[in-house]
Amino acid sequence: MSEKGASSIPPQTFVECGLCQGHADISWFCKNCPTSLCDACATTHRTTKQYKSHTIVERTYTVLRLFGPAKIAEQCEVHPEKDISSYCNKCDVPCCISCLVQNHQRHEISTIEDKYLDAEKRLNVYYKQLDTDVRPTVDKMEDQAKADVKEDTLTAEKVINDINEYRKDFIQNFNRSCDDLITEVNQISKKTTEAFGEIEKSKKMIESLKKEIEEKIERGKLDIIKYQPPKLESLIPTIKGHKQVDILFEPSMKMLEVMKESVGKIKFKEIEREEMDRSKMLRSVHVQKLHSFDSKIGVTSLTTAGNNMAWVMGNVSPTMYLYNDKGTVVRSVKVKGSEGINDMAITQSGEMIVTCREKVRRVSVNGNVSTMIDAAPFGCYGVCVTGKQEIVVCMDDHGDKNHVAVYSSDARSKVRDIRGRDGQGNHLITNPYCVVQNGQNMCVVNYSTNVVCVDERDNVRWVYYGKQAKLEGSFDPCGICVDKYNNLLVTDIRNHCVHYIDREGGLIQVILTQEQIGLRGHWGICVDDDTGHVFVGNFLKNVVIAKYLK
């Protein structure tokens, strides 16, 4: 019952106190007696030893309904001249004295008062559960449905607006596919709205049941005894799960825009105005090979150092090399105590954080090497440094405990683990190899499998499987980096290319292919945001520098 409905009943002069028969300030009610009480008698009732166990509450409409004395107006159906005084538990019928003698000898008999009290207690519990158990669940579903409806509406509007913009240029070839796509988006919103309608029906049913129970209590004991309310779980609406829908919109043969929209999983993020002209930026994706050179080691990882320079690392070499855009070695650093370097990140102070087998080491600006983290038995692979200067490391023990660990800037304490929890509670980060921060999210490459994006609470935002690229070979990701547009570049070693992915996990374009830059087996990758130049390397000691944006 609502708070409004359960408010106190103002004292009224025509209501008598059950003890003193006075009429002033009748504000209290004893559930055990049961009777109404004035302020003075309520105080006496509480302090008298005989009544200390009694429960005295504020005299409200709900209290009077639930605990006030029911009418004693039940006559026996067999003997109308007799009042019902007992209840036969074996036959499950009310009885008068004559019935007991004639038809119910040696049966288990209860007094009608005991039977009433038992039914009243059961119904009181049920009544309260409507508000304590059922209603909160339905309210929660209502809140989620409202959020989904709002989110679906915003996303549907955005998708439809994008489609209509592209329709102007491609009306003849894509008119039918655009109409089909709009219908599918609207169907998604319709499903959520239908679920919201089921919740409304359930809410009305709850209120109707509560009203019905109140009427039963007021009517009499027999009505309460006979009343069998529906099961609580039947009042909670069953909303069918919706199959995830992959929406593929192709505005041109050279560009594939994947928009994943599904109920409860649509993610909409406002694009800042300075980056707003997304379609213009995407049309400018054009690869231009600038230079190539042979490195001293097989390349498994690349890290940009700014000024058109990049660090080259290999997991079979303890030495890493800094190359400029002409392919000249500017500096080299040997990490003592390591057989190979898996990855490296640079802090704000210029120190280098490198991963070597089971250890994470710090290389100071002067070249001094110290161990920060001994992660045994886990092998340490990809590493990055967040905007908060936290150290993020991919951990792999070749078992089911693989994860990404986040440490404080001094590596003295672990902040949290990242395992990528989906809606069913499954962990999707199973073989972490590389990791980058993208805004507030972490994007992790599961070696040779997929790319998983998780938020700050370790919830999966999206997973990229490479299917949108429609390449002959299966997706085989190795390296990853993020550019100034917060888009991702992921190397595909099997298909000899790079997948250029937007922040929502949609494929923008396949770039830096073997035909474009003459490189096979793409592995390590990094991008210089100042120049837009990208460094790509492979295990055969080949490095290519290219430009992919105008």
Side-chain angles (χ1 to χ4, degrees), residues 1 5-6 18-19 28-37 45 49-57 59-138 202 204-236 238:
M1 184 175 292
L19 297 184
W28 306 96
F29 187 87
C30 177
K31 291 183 180 180
N32 302 81
C33 287
T35 187
S36 299
L37 300 172
H45 210 60
K49 183 177 181 180
Q50 182 181 354
Y51 304 114
K52 276 190 176 181
S53 62
H54 285 203
T55 302
I56 299 175
V57 297
R59 185 176 179 273
T60 65
Y61 177 79
T62 301
V63 167
L64 292 179
R65 287 275 185 168
L66 293 179
F67 300 99
K71 298 176 182 177
I72 305 175
E74 288 86 0
Q75 281 75 42
C76 179
E77 293 182 0
V78 180
H79 307 94
E81 73 281 3
K82 300 291 182 69
D83 288 339
I84 291 171
S85 60
S86 304
Y87 198 91
C88 178
N89 295 318
K90 180 179 180 180
C91 302
D92 197 25
V93 293
C95 310
C96 67
I97 295 296
S98 297
C99 289
L100 290 177
V101 174
Q102 294 174 6
N103 303 316
H104 303 283
Q105 292 185 17
R106 297 182 181 179
H107 290 186
E108 182 183 347
I109 305 297
S110 299
T111 66
I112 196 70
E113 291 296 335
D114 288 343
K115 198 68 177 178
Y116 166 75
L117 291 174
D118 181 66
E120 182 188 41
K121 289 179 182 178
R122 171 175 52 81
L123 204 55
N124 284 340
V125 171
Y126 181 91
Y127 184 92
K128 292 175 182 178
Q129 284 179 324
L130 289 175
D131 279 329
T132 59
D133 295 341
V134 179
R135 184 57 185 266
T137 301
V138 176
S202 184
K204 290 180 181 179
M205 189 181 298
I206 291 171
E207 293 305 319
S208 175
L209 269 172
K210 290 171 66 176
K211 184 177 180 181
E212 185 176 314
I213 292 171
E214 292 170 2
E215 291 174 352
K216 294 288 184 185
I217 293 174
E218 185 179 25
R219 196 173 297 152
K221 297 186 180 72
L222 190 56
D223 279 4
I224 294 174
I225 294 170
K226 292 183 176 180
Y227 183 59
Q228 294 294 330
K231 294 182 179 180
L232 291 172
E233 55 266 30
S234 68
L235 304 178
I236 300 175
T238 301

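Lys49 pairs by the side-chain contact (heavy atoms from CB on, under 4.5 Å) definition with nothing, not counting sequence neighbours. Residues passing the side-chain hydrogen bond (donor to acceptor under 3.5 Å, both in side chains) test with Thr137, sequence neighbours excluded: none. When the side-chain contact (heavy atoms from CB on, under 4.5 Å) test is applied to Ser85, the partners found at least two apart in sequence or on another chain are Ile97. Checked against side-chain hydrogen bond (donor to acceptor under 3.5 Å, both in side chains), Lys211 has no partners two or more places apart in sequence or in another chain. Among residues two or more places apart in sequence or in another chain, the ring pair (Phe, Tyr, Trp, His ring centres under 6.0 Å) test is passed with His107 by His104. The side-chain contact (heavy atoms from CB on, under 4.5 Å) check on Lys231 picks up Glu233, Ser234, with sequence neighbours excluded. Here Thr55 pairs with nothing under the side-chain hydrogen bond (donor to acceptor under 3.5 Å, both in side chains) rule; sequence neighbours left out. Residues meeting the side-chain contact (heavy atoms from CB on, under 4.5 Å) test with Glu77, sequence neighbours left out: Lys226. By the side-chain hydrogen bond (donor to acceptor under 3.5 Å, both in side chains) test, Lys115 pairs with Asn89, sequence neighbours left out.
One finds the NE2 atom of His79 at 4.0 Å from the CD atom of Gln102 (value rounded to the nearest 0.5 Å).
Val78 places none of its side-chain heavy atoms less than 4.5 Å from the side chain of Cys96.
Remark: side-chain polar atoms of Tyr87 are not paired, donor with acceptor, to backbone N or O of Ile109 under 3.5 angstrom.
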